[in-house]
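Every chain is numbered from 1 and lettered A, B, ... according to where its sequence line falls, protein lines coming before strand lines. These figures come from a predicted structure and were not determined experimentally.
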Amino acid sequence: MSTSLEQKWVEKWHSLHVFEPSSLSKEKKFFFTVPYAYPTGPLHVGHGRTYTNGDVTARFHRLKGENVFWPMGFHVTGTPVLAISDALKRNDEEMKKLYTEYVGIYEKDPKKIQSLIQSFVDPANVANYFASHVQEDLQKLGCSIDWRPMFTTMDKEYQKFIHWQFRKLYAKGALVKGKYPILYSPADKNAVGEDDIKDGDTDKVQIQEYTLVKFPFDKPNAFLVASTLRPETLFGCTNLWINPQIEYARTRWNNEEWIIAEKAIEKLQLQGKKFEIMEKFSGQSLIDKHASNPLDEKTKIPILPASFVSAEKGTGVVYSVPAHAPWDFIALYELKQQKYPSAEKISPITIIDTPGFEGIEKLLAAHKAISLKHREGIQAATEEIYKKEFYEGKMNLKNGFLVGMSVQHAKEKILQNLIAKSRCDSLHEPTRKAFTRAGNPVVVAVMDDQWFLDYSSKEWKQKTHSLVEKMPIYPEYFKKSIHEAIDWLEKRPCIRKRGLGTKFPLVESDEWMIEPLSDSTIYMVFYIAVTHIRNASLSVEQLDEAFYDAALLGKKLPTNDTRAAIANKIFEEVNYWYPNDLRHTAPAHISNHISFFLFTHTLLFPEKFWPRGLTFNEMLVRNGVKMSKSKGNVIPLQHAFRDYSADLTRLFIVSSASFERVADWKDNQVPQVKSKLNDVERTLTRAIESTENKLTPAHEWLVENLRARLSEAYDAYDKFEYMYAAQKAFFETLNEVKRFRKVFGADESPAVKQVLKEWILLLSPITPFLAEELGERAKLGKLVSQMTVAKPQSKPNKAIEEQVVFIEGVLQDLEHVRKLVRGKQPKLGFIYSKDSRETAWLRDAQQALSKHTQFEIRVNDAHDPLGKMAKSVKGRPAIYLE
RNA sequence: GCAGGAGUACCCAAGCGGUCAAAGGGGCCAGACUCAAGAUCUGGUGACUUAGUGUCUUCGCAGGUUCGAAUCCUGUCUCCUGCACCA
């Protein structure tokens with residue numbers, strides 16, 4: 001099937017409005033959705049998998065006679081397009097090359113390509129350009145989408161709908177305000193995202209929470225504040241480290257005095273600690289003084305000098321746990337070698353036992369780290385011991401406290417203790433030293449005006465669990481993951497200051513956008529409303545909360561409100577189409593999209609509008625490797641159409657793996673599916689062109705067998721086992737035809753004609769173009785996409801099946817014997833049977849057998865030199881070759 | 001580490017207590033057709049064995065339950081995915 005033929009059908013479907021259902025239909029409705037695409041580039045074959053399976057679902061439901069509504073929109077809000085625009089602004093060569101290639105998929109004229117690329121410095125242009133072309137990708141793939149309600153998330157009507165959604169969430173208590181750490185550039189006074197950070201895409205920067213431990217020092221309410229990732233090691237603390245080379249400061253905040261590195265002050269101020277600086281001094285002046293252990297003030301802890309302590313990281317104060325921290329161990333070791341007096345008295349205190357861990361010295365030796373100069377080795381050792389002790393270690397404190405407790409658990413206990421004594425606080429740091437692309441440092445700031453979606457309510461979770469419990473989900477084991485995601489979701493920040501998006505309606509400020517995952521939860525209902533809103537030419541102001549309450553929830557507007565009629569009309573439609581009967585997506589979205597989708601529905605809608613089903617297909621890799629822009633191994637769908645056709649792409653995707661398996665796009669295997677597709681086309685075309693209508697009993701047997709295979713395909717479609725459906729409809733039907741030809745040596749066309757319509761229709765969910773083409777040639781009268789089919793019924797013809805199996809057995813035996821005579825090609829084959837029925841079968845098949853074996857077959861011939869006739873038994877005729 | 005999933009013949013992949021040496025698709029080998037290539041058709045493709053039979057071994061590894069296990073149980077190894085504010 002050529003691409004131009006496929007294009008013909010795309011246009012026909014469109015011009016005949018084949019996929020545009022009406023709510024006036026009497027058929028059972030089926031409202032189906034696949035998440036809208038985020039268009040940062042052309043769709044690739046990975047997206048193709050989800051959309052193909054989605055389309056198979058939609059088409060099969062249409063075949064079943066349901067009134068299918070499958071709309072699509074585009075998700076253009078978010079930050080990834082910013083990264084693309086920024087890179088193009090910077091004239092980033094790689095990005096330019098990539099996008100020239102992408103645009104080149106759709107545009108021929110190099111000048112136009114260049115001007116488009118230039119327009120992409122505005123992120124909205126990237127999103128809009130690809131949105132319209134992704135639509136083209138989906139159409140060419142054959143997706144049976146109703147494009148009338150198509151919208152983007154930047155549309156005014158949509159944004160007003162999102163405002164409505166957020167006001168509803170607020171009214172139901174699901175939106176709360178709080179503190180939140182973010183990556184921040186003090187120089188730019190702005191939040192930064194992955195794409196603002198130098199190498200942020202390849203070397204991800206994350207936010208890490210340090211515990212600040214307050215060591216009482218020199219007077220009440222004064223503390224040396226140390227930062228640590230491992231508060232559980234506090235009992236192993238032998239001393240504090242101060243870098244004598246750097247500046248420290250005494251600061252005051254909330255009636256406490258903190259002594260920390262001067263450089264840490266700004267950082268902490270950004271995190272909500274409004275320090276007042278009292279005095280500054282060099283670290284040297286703290287050396288050899290003593291602080292107290294925060295959990296046991298009688299224990300005095302000496303302060304020792306350490307060059308490895310940095311003012312940039314943490315607070316510039318570190319507490320030392322030489323038994324469990326490589327840096328501390330080596331620093332102490334070096335001091336001892338220098339005969340530093342107060343260091344010589346100190347020995348490491350082991351407080352954690354870990355199976356298979358033989359002490360820090362061996363660990364350091366393994367990493368070839370024996371001096372503070374071996375930074376990398378020490379760092380690697382630190383990571384290793386941290387991970388190992390955290391997951392496998394058990395506390396072994398001498399005083400009995402926490403003994404035997406796992407490190408993970410002990411960490412919490414100690415934190416609780418510190419909090420109770422108000423001896424701790426927290427500090428957020430980036431996981432690595434990072435700079436903006438302009439070269440400004442990136443730090444962590446804690447925002448106190450962040451809004452969260454708060455999913456922690458028990459009742460809400462319960463309601464959502466109960467929805468999931470009764471919902472059909474395929475593959476079923478994902479149900480468990482969804483329950484877990486529901487339990488695990490707590491507070492989630494839902495607004496941010498960057499990227500395209502809808503303004504957050506609950507604050508005056510224009511700088512807060514709704515975070516793009518949070519706005520994609522109940523938009524399925526908007527597909528139903530949007531066309532009517534547009535047709536009614538309502539102004540943005542008219543799309544207020546009262547309007548959406550009426551349109552989406554059926555509340556009544558005052559009768560004198562001019563919008564009442566249209567709102568009623570929309571609600572009628574919503575009432576017809578909602579809920580979403582089935583949503584198909586990838587399992588990666590379970591912990592966000594799908595969970596939010598379920599949560600938001602149970603909160604904002606009455607139960608009768610809650611979603612009805614979920615299906616998932618795993619991802620698709622190429623030649624065993626994940627596809628990614630950076631690897632350059634992405635295959636745009638358009639290239640697949642060009643190289644293989646949409647039908648072939650679809651058939652390959654569907655037949656290569658069931659939903660629960662990762663599919664592998666093997667470049668050399670895709671074209672191989674083609675011969676099967678040709679085979680089907682050839683067989684059906686021959687039947688269409690055949691003028692022979694007379695059915696022999698053998699033909700009748702074949703008809704039943706074809707129906708049986710098609711019936712199995714039907715059931716497989718019904719159970720989302722599309723790989724199996726493809727196998728039945730494309731491969732096993734052909735195998736039945738082959739059996740027929742082999743045993744009867746006749747033309748199967750009269751039989752195929754009997755099942756022509758059913759066969760073509762049951763190919764159509766997977767290869768709609770071929771099916772339409774064949775349907776046209778067969779003069780089915782209507783477009784295949786507009787026809788319905790019932791499950792084929794078959795009554796297997798047992799008598800002939802027995803005959804076929806018998807002859808197949810004979811052929812097998814003939815083959816076997818022929819191999820035994822080796823070398824010599826026999827000219828004559830004698831078959832002897834005493835059973836009259838079998839003899840008749842053999843005579844019946846005589847010609848076919850001769851044709852097949854390439855030697856003349858004689859049945860019950862008088863020539864019987866080996867006395868085979870006597871050896872023959874019922875069910876097993878004797879064979880002699882010469 | 002936790003959670004979910006997976007490991008099946010040369011490759012992909014189905015099977016999920018007996019009809020399983022294990023569907024289907026590739027690949028490969030042999031044969032037919034062809035001047036040839038391609039396409040197509042036919043047969044073979046765990047081992048040994050046999051005028052069409054029979055035996056043995058195999059479904060990550062090791063045990064167990066059972067008359068019987070690729071399928072159930074226990075342990076173990078390896079791989080993939082997710083572990084958040086990112087679409």
Side-chain angles (χ1 to χ4, degrees), chain A residues 35 37-38 40 75 77-81 83 180-182 193-195 204 206-207 387-388 390-393 406-408 450 452-453 475 477-485 487-496 499 515-518 520 586-593 595-596 618-619 621 624 626 651-652 655-658 660-664 666 668-676 678-679 682 721 723-724 726-728 730-732 734-735 738 741-742 809-822 825-826 851-854 866 868 871 876-881:
Chain A
Y38 186 86
T40 56
H75 192 211
T77 41
T79 50
V81 275
Y180 191 66
I182 54 161
E194 183 179 298
D195 34 281
K204 229 179 156 185
Q206 286 169 324
I207 295 174
K387 202 168 174 188
K388 207 162 168 65
F390 182 72
Y391 289 123
E392 296 163 42
S406 76
V407 167
Q408 289 183 52
Q450 175 63 262
F452 297 83
L453 271 165
Y477 59 77
F478 284 121
K479 194 169 258 193
K480 203 171 170 188
S481 322
I482 300 172
H483 280 306
E484 273 164 15
D487 281 332
W488 159 87
L489 272 167
E490 297 293 339
K491 279 186 194 166
R492 183 174 194 282
C494 62
I495 59 174
R496 47 148 79 167
E515 183 275 325
L517 285 182
S518 308
S520 309
H589 295 146
I590 286 177
S591 65
N592 43 56
H593 271 131
S595 303
F596 306 158
E618 271 294 349
M619 60 171 179
V621 299
K626 220 171 171 173
L651 179 59
F652 179 81
S655 66
S656 66
S658 49
E660 54 267 61
R661 290 274 193 155
V662 173
D664 195 356
K666 295 208 162 173
N668 58 346
Q669 273 188 21
V670 183
Q672 285 158 5
V673 184
K674 191 170 185 181
S675 67
K676 276 293 149 191
N678 290 342
D679 217 356
R682 228 186 350 261
E721 293 169 352
M723 179 190 184
Y724 202 63
Q727 219 170 83
K728 293 293 172 186
F730 288 83
F731 307 138
E732 295 195 8
L734 284 179
N735 286 347
K738 274 186 204 163
R741 289 184 194 153
K742 191 160 131 186
V810 171
L811 270 166
Q812 192 102 37
D813 288 347
L814 278 165
E815 194 56 42
H816 217 124
V817 177
R818 194 181 62 85
K819 270 192 5 199
L820 291 170
V821 286
R822 299 208 176 89
Q825 175 64 26
K851 197 167 140 194
H852 212 83
T853 51
Q854 309 275 319
L866 297 182
K868 284 282 184 180
K871 289 187 187 157
R876 165 144 268 172
I879 286 168
Y880 168 68
L881 301 181

Enquirer: Pick base, sugar-phosphate or nothing for A:His589, based on heavy-atom distances below 4.0 Å to the nucleic acid.
Expert: nothing

Enquirer: Would you mind telling me which of B:rC83, B:rG7, B:rG52 lies closest to the side-chain atoms of A:Arg661?
Expert: B:rG7

Enquirer: Closest to the A:Asp679 side chain: B:rC41, B:rG25, B:rC86?
Expert: B:rC41

Enquirer: Watson-Crick or G-U wobble partner for B:rG52, using a 3.5 Å limit on both distances?
Expert: none

Enquirer: I want to check something: taking the side chain as every heavy atom from C-beta on, are A:Leu811 and A:Lys742 in contact at a cut-off of under 4.5 Å?
Expert: yes

Enquirer: Within this structure, what is the CG-to-P distance between A:Asp487 and B:rG4, rounded to whole angstrom?
Expert: 13 Å

Enquirer: Between B:rG46 and B:rG5, how many Å separate the two P atoms, rounded to a whole number?
Expert: 33 Å

Enquirer: In whole Å, measure the gap between the P atoms of B:rC16 and B:rA6 for me.
Expert: 14 Å

Enquirer: Suppose you measure atom C1' in B:rC86 against the same atom in B:rC12; what distance do you get, rounded to whole Å?
Expert: 33 Å

Enquirer: Could you state the CG-P distance from A:Leu453 to B:rC85, rounded to the nearest angstrom?
Expert: 15 Å

Enquirer: Looking only at the side chain of A:Glu732 (C-beta and beyond, no hydrogens), which of the listed nucleotides B:rG4, B:rA23, B:rC86 gets closest?
Expert: B:rA23

Enquirer: Can you tell me which nucleotide in B:rG24, B:rC85, B:rG5 comes closest to the side chain of A:Phe731?
Expert: B:rG24

Enquirer: Is there a Watson-Crick or G-U wobble partner for B:rA62 with both distances under 3.5 Å, and which nucleotide is it?
Expert: B:rU74

Enquirer: Has A:Lys479 got a side-chain N or O lying under 4.0 Å from the OP1 or OP2 atom of B:rG4?
Expert: no

Enquirer: Going by side chain to side chain donor-acceptor pair (under 3.5 Å), name the residues that satisfy it together with A:His593, two or more places apart in sequence or in a different chain.
Expert: none

Enquirer: For a quick check of understanding: with a heavy-atom distance under 4.0 Å over all strands, which category does A:Pro877 fall into, base, sugar-phosphate or nothing?
Expert: base

Enquirer: For B:rG82, which nucleotide is its Watson-Crick or G-U wobble mate, given both distances must be under 3.5 Å?
Expert: B:rC2

Enquirer: Of the listed nucleotides (B:rA84, B:rA51, B:rA3), which one gets closest to any side-chain atom of A:Trp488?
Expert: B:rA84

Enquirer: Identify the heavy atoms of A:Phe652 and A:Val670 that sit nearest to each other, and give their distance.
Expert: CD1-CA, 3.8 Å

Enquirer: Counting the atoms with a prime plus P, OP1 and OP2 as sugar-phosphate, which does A:Ala726 contact under 4.0 Å by heavy atoms, base, sugar-phosphate, or nothing?
Expert: nothing

Enquirer: Which part of the nucleic acid, if any, lies within reach of A:Glu618 when heavy atoms closer than 4.0 Å are counted: base, sugar-phosphate only, or nothing?
Expert: nothing

Enquirer: Want to settle it: does A:Lys742 or A:Glu515 sit nearer the 5' end of RNA chain B, counting the closest nucleotide to each?
Expert: A:Lys742

Enquirer: Are any of A:Lys666's side-chain N or O atoms less than 4.0 Å away from OP1 or OP2 of B:rC12?
Expert: no

Enquirer: To the side chain of A:Lys738, which of B:rU42, B:rU40, B:rA51 is closest?
Expert: B:rU42

Enquirer: Which whole-number value in Å describes the distance from A:Glu660 CD to B:rA13 P?
Expert: 12 Å

Enquirer: Map A:Ala663 and A:Arg741 onto RNA chain B by nearest heavy atom, then report which one ends up closer to the 5' terminus.
Expert: A:Ala663

Enquirer: Rounding to the closest angstrom, what is the interatomic distance between B:rC67 and B:rC83 at atom P?
Expert: 48 Å

Enquirer: Please answer whether the main-chain N or O of A:Ala485 pairs with a side-chain N or O of A:Ser595 as donor and acceptor at a distance below 3.5 Å.
Expert: no

Enquirer: Taking atom C1' in both B:rC29 and B:rC10, compute the distance separating them and give it to the nearest angstrom.
Expert: 12 Å

Enquirer: When all nucleic acid strands are considered with a 4.0 Å heavy-atom cut-off, which category describes A:Phe478: base, sugar-phosphate, or nothing?
Expert: nothing

Enquirer: For A:Pro493, report the nucleic acid contact type (base, sugar-phosphate, nothing); a contact means any heavy atom under 4.0 Å.
Expert: base

Enquirer: Which listed nucleotide (B:rU81, B:rC86, B:rG52) is nearest to the side chain of A:Leu517?
Expert: B:rC86

Enquirer: Closest approach to the side chain of A:Lys868, judged atom by atom: which nucleotide of B:rA51, B:rU42, B:rU53 is it?
Expert: B:rA51

Enquirer: Between B:rG25, B:rA51, B:rG44, which nucleotide has the shortest distance from any of its atoms to the side chain of A:Asn735?
Expert: B:rG25

Enquirer: Give a yes or no answer on whether the side chain of A:His589 reaches the backbone of A:Pro35 with a donor-acceptor pair at less than 3.5 Å.
Expert: no

Enquirer: Write down the distance separating the C1' atoms in B:rA3 and B:rU57, rounded off to the nearest Å.
Expert: 38 Å

Enquirer: Please report, rounded to the nearest Å, how far the C1' atom of B:rG27 is from the NZ atom of A:Lys676.
Expert: 14 Å

Enquirer: Is there a donor-acceptor pair under 3.5 Å between the side chain of A:Glu721 and the backbone N or O of A:Tyr724?
Expert: no

Enquirer: Scan every strand shown for a Watson-Crick or G-U wobble partner of B:rU45, both distances under 3.5 Å, and answer none if you come up empty.
Expert: B:rG27

Enquirer: Kindly point out which of B:rU40, B:rU53, B:rG26 is positioned nearest to the side chain of A:Asp813?
Expert: B:rU53

Enquirer: What nucleic acid atoms does A:Ser655 come within less than 4.0 Å of, heavy atoms only: base, sugar-phosphate, or nothing?
Expert: nothing

Enquirer: Would you please test A:Phe452 and A:Gln450 for side chain to side chain contact (heavy atoms under 4.5 Å, CB included) and show each step?
Expert: CA-CA 7 Å; A:Phe452 297 83; A:Gln450 175 63 262; 3.8 Å; yes

Enquirer: Quickly work out the A:Asp664 CG to B:rC11 P distance and round it to whole Å.
Expert: 14 Å

Enquirer: Who is the Watson-Crick or G-U wobble partner of B:rC16, with both distances under 3.5 Å?
Expert: none

Enquirer: Tell me the closest heavy-atom pair linking A:Glu660 and A:Pro475, and the distance in Å.
Expert: CB-CG, 3.9 Å

Enquirer: Do any side-chain nitrogens or oxygens of A:Ser658 fall under 4.0 Å of OP1 or OP2 in B:rA14?
Expert: yes

Enquirer: Would you mind reading off the distance between A:Glu721 atom CD and B:rG24 atom P, rounded to a whole angstrom?
Expert: 17 Å

Enquirer: At their closest point, which heavy atom of A:Leu734 faces which heavy atom of A:Lys676, and how far apart are they?
Expert: CD1-O, 4.2 Å

Enquirer: What I want to check is whether an N or O donor and acceptor connect the side chain of A:Gln727 with the base of B:rA23 at under 3.5 Å.
Expert: yes

Enquirer: Measuring only the C1' atom in each nucleotide, how far is B:rG64 from B:rA69? A whole number of Å is fine.
Expert: 12 Å

Enquirer: Between A:Glu484 (CD) and B:rA84 (P), how many Å, whole number?
Expert: 15 Å

Enquirer: I'd like the C1' distance from B:rU78 over to B:rC28, given in whole Å.
Expert: 29 Å

Enquirer: Calculate the interatomic distance between A:Met723 atom CE and B:rG15 atom P; express it in whole Å.
Expert: 9 Å

Enquirer: What does B:rA32 pair with, Watson-Crick or G-U, if both distances are under 3.5 Å?
Expert: B:rU40

